[in-house]
Amino acid sequence: LKVIRTLEEMLSQPPHQGGFVPTMGAFHEGHLSLMRQAKAECSHVTVSLYVNPLQFGPNEDLARYPRQEELDFRMAADAGVDVMFAPRSDEWALASKTSVSVRGLTDVWEGAFRPGHFDGVATIVAKLFNLVRPRMAYFGLKDFQQCAVIRQMVADLDFPLQLRFCDTIRETDGLALSSRNRYLSPDDRAVAAKLFAELLRLAEAFRNLPVTEWSSELEKSIATLSELGFMVDYLAAVDKETLQIQQDSSKPTQIIVAARLGSTRLIDNLAV
Ligand code: PAF
C-alpha cells in the first residue's frame with residue numbers, strides 16, 4: 001500500500017483510470033466491502049482517507065470523529081487497496097473559495113438538519129475526483145441522499161467516470177454499520193436495531209396499502225420509535241430520484257430515516 005500525503009504527489013501519479021473509494025476513515029466492514037468490490041472490478045484502487053471539515057456543522061462531531069489511521073492503512077492493505085490518499089493538511093479544503101452546490105437535493109432531509117453538509121461533501125468529492133481521476137467511484141447506499149447528490153453532480157459537471165452505489169452492510173440484528181455506532185452506549189446499542197426493524201415493517205405495510213395511507217403508518221412508526229427512546233428527525237417515504245415525498249406507489253420509493261439515540265445520530269434507508 002502506497003500512502004500519499006500531498007496533493008502534488010497525488011497529481012503526479014500516472015493516470016490509472018482505476019477504482020476510487022472516498023472515505024473519512026474509521027473503517028468497518030461497509031468500507032471494506034466497497035474496497036473489495038472496487039478491487040474486483042478495477043486493477044488499481046485508490047482510497048482517500050480525509051475527515052472533511054467542510055461537511056461538519058459548527059456543533060457537530062468533527063473534533064471527536066473517530067481517527068485510527070494506522071489500523072485503517074492495515075485494513076485497506078488487506079482489502080487489496082493500492083494507494084491511500086491521506087492528506088495531512090486541511091488547507092486544501094478550507095482555503096477553497098469555490099463550493100459545489102447541487103440545487104434541489106441538498107436542502108431537504110439531511111440537508112435541512114445539517115445546513116451546508118452536502119455542499120461540503122460535493123465540494124470535497126469534486127476535488128477528490130480531479131486529484132484521483134478515477135474511472136469508477138464507489139459509495140455506500142447507507143448515505144442514500146449523499147448518493148443522489150453525487151449522482152446529480154457527476155451528471156451536471158460531466159465527470160468522466162462511472163458511479164457504483166453499493167448495498168448497506170448490517171450487523172446481524174440489522175443495525176447499519178457506521179463509524180458513529182461506536183458512540184452508542186450498551187443500552188442504546190441494544191435498541192438501535194429497532195430503527196431498521198421499523199423500516200422493514202413499513203416497507204411491508206406499504207406494499208399492501210395505497211399511497212394515501214402511508215403517512216399514518218409513518219406516524220405509527222415515529223410513535224413506536226419515540227417510545228423506545230429515539231428522537232426522530234425525519235422518517236419519510238420519498239421518490240428515489242427526486243427525494244420528494246412519494247405520491248405515486250408505482251414509482252421507485254425509498255424510506256429514509258434519521259433519529260437520535262442518546263448523543264448518537266443514526267441514519268438508515270430501505271427500498272420499498
Ligand atoms: O461518506 C463519506 O464518508 C464522506 O461523506 C465522503 C464521501 C468521503 C466525503 O467526505
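Every number for a ligand or one of its atoms is a count from 1 in the order of the listing.
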Near Pro22 (heavy-atom distance under 4.0 Å), the atoms of ligand 1 are 8 (C)

Give a yes or no on whether Arg64 atom CZ has more than 12 heavy-atom contacts from other residues, nucleotides or ligands under 6.0 Å away. yes

Polar side chain donor-acceptor pair, Glu110 to Tyr234, under 3.5 angstrom: yes

Quick check on contacts: which atoms of ligand 1 are under 4.0 angstrom from a heavy atom of Ile124? 9 (C), 10 (O)

Ligand 1 and Gln146, any nitrogen or oxygen pair closer than 3.5 angstrom? yes

Could you point out which residue of Arg114, His117, Gln55 forms a side-chain hydrogen bond (donor to acceptor under 3.5 Å, both in side chains) with Glu60? Arg114

Shortest non-hydrogen pair, Leu270 vs Ala203, comes out as CD2-CB, 3.8 Å

Report yes or no: is the cationic atom of Arg260 (NZ for Lys, CZ for Arg) closer than 6.0 Å to the six-membered ring centre of Phe113, at no more than 45° off its axis? no

Closer than 4.0 Å to some heavy atom of Thr23 - which atoms of ligand 1 meet that? 8 (C)

Nearest to atom 10 (O) of ligand 1 by heavy atom, Gln55, Lys127, Met24: which? Gln55

